[in-house]
Number of protein chains: 2
Amino acid sequence: MTFADTPLQMLLRRLELIVDLPEEDRQAVLALPHRTRTVEASTYLTREGDVPTVCGVLGTGFAYRQKLTGDGVRQIVALHIPGDALDMQHLFLDMADHSVQMLTRGEVAFIPRKDLQELINARPLVRQAVLSSILVEGSIFREWVLNVGRRDARTRLAHLLCEFASRMEAQGLSDGEGFELPITQEQLADAVGLTPVHVNRTLKSLEADGLITRNKRNIVFPSWERMRDVGDFNPRYLHLDRQLSAQVG
Amino acid sequence: MTFADTPLQMLLRRLELIVDLPEEDRQAVLALPHRTRTVEASTYLTREGDVPTVCGVLGTGFAYRQKLTGDGVRQIVALHIPGDALDMQHLFLDMADHSVQMLTRGEVAFIPRKDLQELINARPLVRQAVLSSILVEGSIFREWVLNVGRRDARTRLAHLLCEFASRMEAQGLSDGEGFELPITQEQLADAVGLTPVHVNRTLKSLEADGLITRNKRNIVFPSWERMRDVGDFNPRYLHLDRQLSAQVG
DNA sequence: CGCGAGATTGAAAGCATTCAAACTTTGTGG
DNA sequence: CCACAAAGTTTGAATGCTTTCAATCTCGCG
């Protein structure tokens, strides 16, 4: 289905979830200079301290962003799915404040930052779409602060799973029959601010309660409603509904 | 000193920390339609679920953003100081995903969102400055995820204090002799994801170790270096250095 | 078949929370 | 200007969620 699309097509699809673009803008997005590469799992796309020159767009596969404390403890601060722009924050900031790394093998299109800047300068609707997606990402960060700061382990994990499922579905990457979470329990632990051991126990507990079914890295929610409740999940912060009024001001 | 400035002047000062603006752009920022109000402590500027029509800019006083879990537990996700724009995320998102509330009494300029949109559409340099400040805010959120997710109580609190002090200083609101943190310990707890009781104990411990001096809500760091170390604080994520290369692409 | 990464489990320890109560400061009205 | 109420701070003791440490198990792969 979607896997035949190029990264730029995936990006375009994402932008059009936000704003309807006229044909001319669509073409301009697809015409962005770029080179596409297949990168292996755990490849670094950006390292903290780098001076960014390109913005990556994920066509297939998964990636994450991470930060480290001074003594090397890791916190994953974002998970990325196909269609996500990986470096919008580097559009106008001159030093990477965190690292971006591939979770799985995948295809990434690298767009020179200058070309992306020019595109959003030249095309107001594309700009609005890109800006909106940056703002949505900010909203997701805020929810993560809440998740990590104020929810217990079970709720926290369930919330992360709900968010992942919702985003996959919104991007058309889920058949509604569950999804694959291609992540180790250790990485999952780093994403929710827990230890791998406790993530393991919590996952088993969710499974024992019939809230999730696991098969390898594949997760199924027998009842989305129950998961939503257990995970205290309200998708509002994902802003998945179209931003209609924004288009008229 | 700075307290004679209007909110728009404070905003302009902030933007010019990021990008040098030509006189024309400066005038355009100052000419933004707005109304300025003095609002009392704990006044809501935005409530989660609101449809935003204005963007607030803090001229004096302090504010914060908060989210609630389903059972009403609060997490403060951002602290705002004079000069901060409070609602940039509402520029293109049509429903508030969190609340914004005054921490102290203060002056706020409310700018119709439409006028702000027009300004950034019309003026590339202002746009770059606003966009950069949005991206910096995103960077701060990531650091908060790390802070709340991976640092113990003492480090976490010290980190928050360091961040606050740094931002105040960058905006020219600190004399280098310490600063006022006009926040209750309960609010502080909600900002770092701890309980008020534990915040109290941790603060006392920092004080006992000579890392901070407290007098009412006034905080002094006897040694900035020691605080920086204890708080695992590296200001890189604040992107306080000028974004020079961004200006040339 | 054996290695190695990742998952799982058990037991002990610890950091932070919870519950309660006392104390201090601030603001207000008499 | 003092008294009182309300808000905020401080302290103690018990509890508990999560971590830590260690060991075992499982599965994909060379």
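Note that this is a predicted model, so its numbers are computed, not measured. In what follows, chains are A, B, ... by sequence order, proteins preceding strands, each numbered from 1.
Partner B/His159 forms a ring-ring contact (aromatic ring centres under 6.0 Å, His included) with one of B/Tyr237, B/Trp144, B/Phe164 and no other, that one being B/Tyr237. In summary, of the residues considered (A/Arg151, A/Arg150, A/Arg156, A/Arg236), a salt bridge (Lys or Arg N to Asp or Glu O under 4.0 Å) with A/Glu143 occurs for A/Arg151 alone.
No more than 12 heavy atoms of other residues, nucleotides or ligands shown are found within 6.0 angstrom of CZ on B/Arg105. Under a cut-off of 6.0 angstrom, the local environment of CD in A/Glu48 is crowded, with over 12 non-hydrogen atoms contributed by other residues, nucleotides or ligands.
In this structure, CG of B/Asp190 is placed 12 Å from P of D/dG8, rounded to the nearest angstrom. C/dA7 atom P lies 9 Å from atom CG of A/Leu188, rounded to whole Å.
Across every non-hydrogen atom of B/Thr36 and B/Pro7, the tightest pair is CG2-CG, 4.0 Å. Closest of all the heavy-atom pairs between B/Leu93 and B/Arg113 is O-NH1, 3.0 Å.
Considering only heavy atoms from C-beta on, B/Gln101 stays 4.5 Å or farther from B/Arg65 through its side chain. Residues B/Cys55 and B/Phe110 fail the side-chain proximity criterion, which asks for heavy atoms closer than 4.5 Å.
Where B/Thr202 and A/Gln185 each meet DNA chain C at their nearest nucleotide, the meeting point lying more 5' is that of A/Gln185.
Inspection of the A/Gln171 and A/Arg14 side chains reveals an N or O donor paired with an N or O acceptor under 3.5 Å.
Heavy-atom distances under 4.0 Å link DNA chain D to no residue of residues 148-160 of chain B. Within residues 203-222 of chain B, the residues that place at least one heavy atom under 4.0 Å from DNA chain C are, in residue-number order, B/Lys216.
Checked for salt-bridge contact, B/Glu180 and B/Arg217 miss the test: no charged N lies under 4.0 Å from a carboxylate O.
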Could you list the protein-to-nucleotides 18-24 of chain C atom pairs, N/O on both sides, closer than 3.5 Å?
unit_1, atom_1, unit_2, atom_2, d
C/dT18, O4, B/Arg201, NH2, 3.0

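For B/Asn200, no side-chain nitrogen or oxygen approaches OP1 or OP2 of D/dT9 to under 4.0 Å.
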